Amino acid sequence: MAGIEDILENNKQWVATKNAEDPAFFQRLANGQTPRYLFIGCSDSRVPASGITGTGPGEMFVHRNIANLVVHSDMNLLSVLQYAVEVLGVQDILVVGHYGCGGVAAAAANKQYGLIDNWLVNIRDVVRLHETELLRISEEKQRLRRLVELNVIEQVHNLAKTNIIQNAMRTDKPPRLHGLVYDIADGVLKDLNVNGQEVMEELEHIYGTEAAAHPDKDSATYDGPEHDPATDQPA
């Protein structure tokens, strides 16, 4: 266990602090989760989901990957999204990018980095879609900052294209989609004001789909347990 002693000691101190503040804290968490938010963010170590949003354990379901992408062939992301929406019933889905993102900078360069190049193609597609606007920005730092914003906006659009979100939008409690950018230099989150409903309406004629009829239930919806398997309690 060499090298993780600090982690284990920090954990002991955290547990002691939580128990002193609220003796029932861990028991409540053990009884199940009902998070309000799904956070889709970058894996960058400087962007802690709970830290920058002021949320605590049990309040936010989290998925992170390089450059906060929503890729339609990413079964990890899609599994998290479906579980969060259809079982946990999250109310708000946040796509959170950050200025100074290494993945975005790498995608904007003409270099190969190995396996990750295949992932970065998804950001280069954003460059292709917005090439005219980006070419008008002469200063590289500002161009990369704008690319970070455009990437977040496109990932919100990608969310709206999934059948998971399309089906959820037809329910009586549709989730709200948001695009945010975190500035590591000052700690502030910027709302890009991406209107999820407008995105859905804009893309409906191209990407809109409806689930096939099924004798028992909607075959396109979540087909797993309707509770948190870890606790066997209703979610």
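The first residue in the sequence is number 1, and the count goes up from there. All values reported here derive from a predicted model rather than from experimental measurement.
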Review point. Glu202: what forms a side-chain contact (heavy atoms from CB on, under 4.5 Å) with it, not counting sequence neighbours?
Key: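 Result, side-chain contact (heavy atoms from CB on, under 4.5 Å) vs Glu202: none returned.
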Can you tell me how far apart [atom1] ([X]) and [atom2] ([Y]) are? Round to the nearest 0.5 Å.
X      : Y      : atom1 : atom2 : value
Arg28  : Phe26  : CZ    : CZ    : 10.5 Å
His98  : Ile184 : NE2   : CD1   : 5.0 Å
Asn151 : His130 : CG    : NE2   : 9.0 Å
Leu69  : Leu77  : CG    : CG    : 9.0 Å
Ser43  : Ile66  : OG    : CD1   : 4.5 Å
Leu150 : Gln155 : CG    : CD    : 11.0 Å

Does [Y] offer a backbone N or O that forms a donor-acceptor pair with the side chain of [X] under 3.5 Å?
X     : Y     : result
Asp22 : Lys18 : no
Arg64 : Val47 : yes
Asp74 : Val71 : no
Asn19 : Ala16 : no
Asn11 : Ile7  : no

Would you say [X] and [Y] make side-chain contact, with heavy atoms under 4.5 Å?
X      : Y      : value
Ile93  : Ile40  : yes
Ile52  : Leu189 : yes
Lys190 : Asp183 : no
His63  : Asn76  : yes
Arg124 : Leu120 : yes
His72  : Thr162 : yes
Asn68  : Val152 : yes
Val126 : Val104 : no

**Study point:** Whether over 12 other heavy atoms sit under 6.0 Å from Tyr99 OH
**Key:**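 Enclosed: over 12 neighbouring heavy atoms sit under 6.0 Å from OH of Tyr99.
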Please find the pair of heavy atoms, one from [X] and one from [Y], that lie closest to each other, and give the distance.
X      : Y      : result
Leu88  : Pro35  : CD1-CG, 3.8 Å
Cys42  : Cys101 : SG-SG, 4.1 Å
Ile123 : Gly103 : CD1-O, 3.7 Å

Which residues pass the salt bridge (Lys or Arg N to Asp or Glu O under 4.0 Å) test with Glu154, not counting sequence neighbours?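 With sequence neighbours excluded, Glu154 shows a salt bridge (Lys or Arg N to Asp or Glu O under 4.0 Å) to no residue whatsoever.
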request  = Start with the C-alpha gap between Asp117 and Lys111, add the side-chain angles, then the distance that decides, and say whether salt bridge (Lys or Arg N to Asp or Glu O under 4.0 Å) holds.
outcome  = CA-CA 9 Å; Asp117 292 330; Lys111 298 179 181 178; over 6 Å; no
Going by atom types alone, do His178 and Asp92 pair a side-chain donor with an acceptor below 3.5 Å?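 Judged by distance alone, the side chains do pair up.
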Report task. Check the pair Leu180, Leu192 against side-chain contact (heavy atoms from CB on, under 4.5 Å), reporting the backbone distance first and the verdict last. Result -> CA-CA 6 Å; Leu180 307 174; Leu192 297 179; over 6 Å; no
Side-chain heavy atoms under 4.5 angstrom apart, residues restricted to Ile, Leu, Val, Met, Phe, Trp, Tyr: same cluster for [X] and [Y]?
X      : Y      : result
Leu159 : Phe39  : no
Tyr37  : Val87  : no
Val188 : Val95  : no
Val70  : Tyr207 : yes
Val156 : Leu147 : yes

Side-chain donor-acceptor contacts of residues 53-61 below 3.5 Å, not counting sequence neighbours, with atom names and distances?
{"from": "Thr53", "atom 1": "OG1", "to": "Ala49", "atom 2": "O", "distance (Å)": "2.6"}
{"from": "Thr53", "atom 1": "OG1", "to": "Ser50", "atom 2": "O", "distance (Å)": "3.4"}
{"from": "Thr53", "atom 1": "OG1", "to": "Thr55", "atom 2": "OG1", "distance (Å)": "2.9"}
{"from": "Glu59", "atom 1": "OE2", "to": "Gly56", "atom 2": "N", "distance (Å)": "2.6"}

- Query: So Asn167 and Arg170, side chain to side chain donor-acceptor pair (under 3.5 Å) or not? Walk me through it.
  - Reply: CA-CA 5 Å; Asn167 291 337; Arg170 299 184 183 109; 3.1 Å; yes
**Prompt:** Do Gln91 and Lys173 pass the side-chain contact (heavy atoms from CB on, under 4.5 Å) test, and can you show the C-alpha distance, the side-chain angles, and the key distance before you say yes or no?
**Reply:** CA-CA 8 Å; Gln91 300 172 40; Lys173 292 184 179 179; over 6 Å; no
Determine whether Ile165 and Val85 satisfy the following criterion, side-chain contact (heavy atoms from CB on, under 4.5 Å), listing intermediate values before the conclusion. CA-CA 8 Å; Ile165 294 300; Val85 170; 4.2 Å; yes
Run the side-chain hydrogen bond (donor to acceptor under 3.5 Å, both in side chains) test against Thr17 and tell me which residues pass, sequence neighbours left out.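 Thr17 satisfies side-chain hydrogen bond (donor to acceptor under 3.5 Å, both in side chains) with no residue once adjacent residues are dropped.
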Inset, instruction - Kindly write out the residues that satisfy side-chain hydrogen bond (donor to acceptor under 3.5 Å, both in side chains) with Glu9, not counting sequence neighbours, or none if the list is empty. - result: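 Listed in chain order: Gln13.
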- Query: What do the steps show when you test Leu38 against Leu81 for side-chain contact (heavy atoms from CB on, under 4.5 Å), and what is the final call?
  - Reply: CA-CA 8 Å; Leu38 168 60; Leu81 178 64; 3.8 Å; yes
Exercise for the section: Mind running side chain to side chain donor-acceptor pair (under 3.5 Å) on Gln166 and Asn163 for me, showing each step along the way? Expected result: CA-CA 5 Å; Gln166 289 181 26; Asn163 61 2; over 6 Å; no
- Going by the salt bridge (charged side-chain N to carboxylate O under 4.0 Å, His left out) test, which pairs reach into residues 130-141, not counting sequence neighbours?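 Residue pairs with at least one partner in residues 130-141: Glu133-Arg146.
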